[in-house]
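Everything below concerns the one structure shown next.
What you see is a predicted model, and the numbers here were worked out from it, not measured in a lab.
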Amino acid sequence: MTQEVKEIFGSGSGGAPPAPAALAAKVRTLAPSMTRSMQRVAEAVAGDPAGCAALTVTGLAELTGTSEATVVRTARILGYPGYRDLRLALAGLAAQQQSGRAPAITTDIAVDDPLADVVAKLAYDEQQTLADTAAGLDTVQLAAAVTAAATARRIDVYGVGASGLVAQDLTQKLLRIGLIAHAHNDPHLAVTNAVQLRAGDVAIAITHSGATGDVIEPLRAAFEHGATTVAITGRPNSPVTQYADHVLTTSTARESELRPAAMSSRTSQLLVVDCLFVGVAQRTYETAAPALAASYEALAHRHRGKP
C-alpha cells in the first residue's frame, strides 16, 4: 500500500459515518460531482455491495480499473473515514438487500409506455428519491437551520425555476405560523433585499445544481452582511455551499428524457423544506399554533363557499 493511501486511512473525517441504508443514497447524490474514476468505484459498491464488501482495497481498485488512493478517496467522499468503514457499510447493505428489501433500481419511462406504467414508474422513483433524501439528510445541520429560522427577525428564500416554486411553498408555510418570510425569484430584487439582512436574519438558497448564479449572488450578499445562511442543494460540494452556514442535501432520481432533473429535485426539496417547517413550528408552537388556527379560520368561509 502506498504512503498516500496510508495517510488517507489514518485521517478520520471526525464525524460518524453514514448508516448502511444511506450508502446507496449518497452514491446517487454525489456520483455526478465525482471524477470518472471515482464514479466507477461508487457505481461498483452501489451495484454489488456484497461482492465489493469481500474485496480488499487493492481488489476493488483492480475491479474498477482505478488506484487504491482513488478507492479510499471515494470512501471518504461518501462519508467514511476509510475503506474499512466502507466495507462494513457494504456488508450491512448487502444483508438488508438479502433480507428482502427491493433493490434500488429505476426504470426509464418510454415514449410508448401505457399510462399505468408511467404512474408506477414515477411513483417508484418518487419513493426512492424521498427515501434517499431522508437517509442522507444531516439532522444536525437541519436542527441548526431550524433553530436559526425559529428565532429569525426575517427569513428570505431564494430560488428560480422549479426551485422557485419550492421557495414560495416554504415562505407560504412560514407566513401562516406568524413568521416574516419572503420568497425572491427575481434575482435583482433578491440581491437588493439580501444586502438589508443582518445578524439575526436567515437567508435560504434552494438550488439543485448548487451553481445557479441568480441564487448564489443573494446568498453571498446575505452571508457577507451577517445573516445566517442555509443552502438546500443536491451537490454538497457545489459553489453555493461556500456561502452557507448550514447545508441540507437533497437526492434525485436518475435523469431521463421524459423525467428531467427538475422533477425529482423538486420532490426532494419539498421534503426538506417540510422538515424545516415542521421543526420551526415545533420550536415556536406557543405562537405558531394560534397563528395557524387564525389563518385556517380566516379562510374557512372560502372552503365552505359562504361569505
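No side-chain heavy atom of His182 sits under 4.5 Å from any side-chain heavy atom of Asn193. At a threshold of 4.5 Å between non-hydrogen side-chain atoms, the residues Ile180 and Arg153 do not count as touching. Between Ile232 and Thr250, some side-chain heavy-atom pair lies under the 4.5 Å cut-off. Using a 4.5 Å heavy-atom threshold, the side chains of Gln168 and Asn185 count as touching. Between Asp201 and Asp156 the shortest side-chain heavy-atom distance does not fall below 4.5 Å. Proximity of Leu276 to Val146: side-chain heavy atoms (C-beta onward) are separated by under 4.5 Å at one or more points. Contact check for Leu78 versus Met34: side-chain heavy atoms found under the 4.5 Å cut-off. Residues Thr74 and Val71 are not in side-chain contact: their nearest non-hydrogen atoms beyond the backbone lie 4.5 Å or more apart.
Side chain of Asp85 to main chain of Gly82: a donor-acceptor pair is present (N/O by atom type, distance under 3.5 Å, no hydrogens or angles). The backbone N or O of Gly65 sits less than 3.5 Å from a side-chain atom of Arg40, completing a donor-acceptor pair. Remark: the backbone N or O of Val202 is not paired with any side-chain donor or acceptor of Thr228 at under 3.5 angstrom. A side-chain donor-acceptor contact under 3.5 Å links Thr56 to the backbone of Gly59. Checking side-chain atoms of Gln141 against main-chain N and O of Leu248 turns up no donor-acceptor pair under 3.5 Å. For Ser238 (side chain) and Ala211 (main-chain N/O), no donor-acceptor pair under 3.5 Å exists by modelled atom type. Remark: side-chain polar atoms of Asp245 are paired, donor with acceptor, to backbone N or O of Thr229 under 3.5 angstrom. A donor-acceptor contact shorter than 3.5 Å links the side chain of Ser268 to the backbone of Ser265. The backbone N or O of Asp125 lies less than 3.5 Å from a partner atom in the side chain of Thr129, making a donor-acceptor pair.
Val157 and Ile177 fall within a single hydrophobic cluster, where Ile, Leu, Val, Met, Phe, Trp and Tyr side chains are chained together by heavy-atom contacts under 4.5 Å. Taken together through direct or relayed side-chain contacts under 4.5 Å among Ile, Leu, Val, Met, Phe, Trp and Tyr, Val278 and Val230 form part of one hydrophobic cluster. Hydrophobic clustering (side-chain heavy atoms under 4.5 Å, transitive across Ile, Leu, Val, Met, Phe, Trp, Tyr) groups Leu93 together with Ile77. Under the 4.5 Å side-chain heavy-atom criterion for Ile, Leu, Val, Met, Phe, Trp and Tyr, Leu63 and Val72 are members of the same hydrophobic cluster. Ile204 and Phe277 fall within the same hydrophobic cluster, where Ile, Leu, Val, Met, Phe, Trp and Tyr residues are linked whenever their side-chain heavy atoms come under 4.5 Å apart, directly or through other members.
Taken to the nearest 0.5 Å, the OG atom of Ser37 stands 9.0 Å off from the CZ atom of Arg73. The structure places CG of Leu60 at 8.0 Å from CG of Leu86, a figure rounded to the nearest 0.5 Å. Expressed to the nearest 0.5 Å, how far CG of Leu179 lies from CZ of Arg154 amounts to 13.5 Å. Rounding to the nearest 0.5 angstrom, the gap separating the CG atom in Asp138 from the NE2 atom in His246 is 11.0 Å. Here CG of Leu137 is found 7.0 Å from CG of Leu271. Values are rounded to the nearest 0.5 Å. Within the model, atoms CD of Glu62 and CD of Glu68 stand 8.5 Å from one another, a figure rounded to the nearest 0.5 Å.
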Can Thr284 and Thr287 be said to form a side-chain hydrogen bond (donor to acceptor under 3.5 Å, both in side chains), step by step?
-> CA-CA 6 Å; Thr284 62; Thr287 55; 4.5 Å; no
Worked verdict on Leu142 versus Cys275 for side chain to side chain contact (heavy atoms under 4.5 Å, CB included) = CA-CA 8 Å; Leu142 177 61; Cys275 291; 4.1 Å; yes
Under the salt bridge (charged side-chain N to carboxylate O under 4.0 Å, His left out) rule, what do Asp169 and Lys173 come out as? Steps first, then yes or no, please.
-> CA-CA 6 Å; Asp169 179 80; Lys173 290 183 173 73; 2.4 Å; yes
Please report the C-alpha distance between Leu55 and Tyr83 in whole Å, then the side-chain angles of each, then the deciding distance to 0.1 Å, and finally whether the side chain to side chain contact (heavy atoms under 4.5 Å, CB included) criterion is met.
-> CA-CA 10 Å; Leu55 297 174; Tyr83 183 60; 4.1 Å; yes
Go through the steps to decide whether Tyr296 and Leu292 satisfy the test side chain to side chain contact (heavy atoms under 4.5 Å, CB included), and finish with yes or no.
-> CA-CA 6 Å; Tyr296 276 125; Leu292 194 58; 3.6 Å; yes
Test log, rule side chain to side chain contact (heavy atoms under 4.5 Å, CB included), inputs Arg176 and Leu299 | CA-CA 11 Å; Arg176 292 193 69 175; Leu299 296 173; 4.2 Å; yes
Determine, stepwise, if the pair Glu126 / Thr267 fulfils side-chain hydrogen bond (donor to acceptor under 3.5 Å, both in side chains).
-> CA-CA 7 Å; Glu126 298 274 336; Thr267 299; 2.6 Å; yes
Apply side-chain hydrogen bond (donor to acceptor under 3.5 Å, both in side chains) to the pair Gln269 and Arg266, showing each step before the final yes or no.
-> CA-CA 5 Å; Gln269 288 169 354; Arg266 181 197 60 211; over 6 Å; no
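For Pro236 against Thr241, the heavy-atom pair with the smallest separation is O-CG2, 3.4 Å. Contact between Leu197 and Ala222 at its shortest, heavy atoms only, is CD1-CB, 3.7 Å. The two atoms that bring Ala150 and Arg283 nearest to each other are CB-CB, 3.8 Å, heavy atoms only. Considering all non-hydrogen atoms of both residues, Gly178 and Ala291 come closest at N-CB, 3.9 Å. Heavy atoms only, all atoms of each residue included: Gly159 and Val215 are closest at CA-CG2, 3.9 Å. For the residue pair Ala42 and Val45, the shortest heavy atom distance occurs at O-CG2, 3.1 Å.
The one candidate from Thr212, Val240, Ile206 that meets the side chain to side chain contact (heavy atoms under 4.5 Å, CB included) condition with Thr233 is Val240.
Remark: Arg87 is not positioned above the aromatic ring of Tyr80, lacking an NZ or CZ atom under 6.0 angstrom from the ring centre and at most 45 degrees off the axis.
Counted within 6.0 Å of CD on Glu217, heavy atoms from surrounding residues, nucleotides or ligands total 12 or fewer; the atom is thus considered open.
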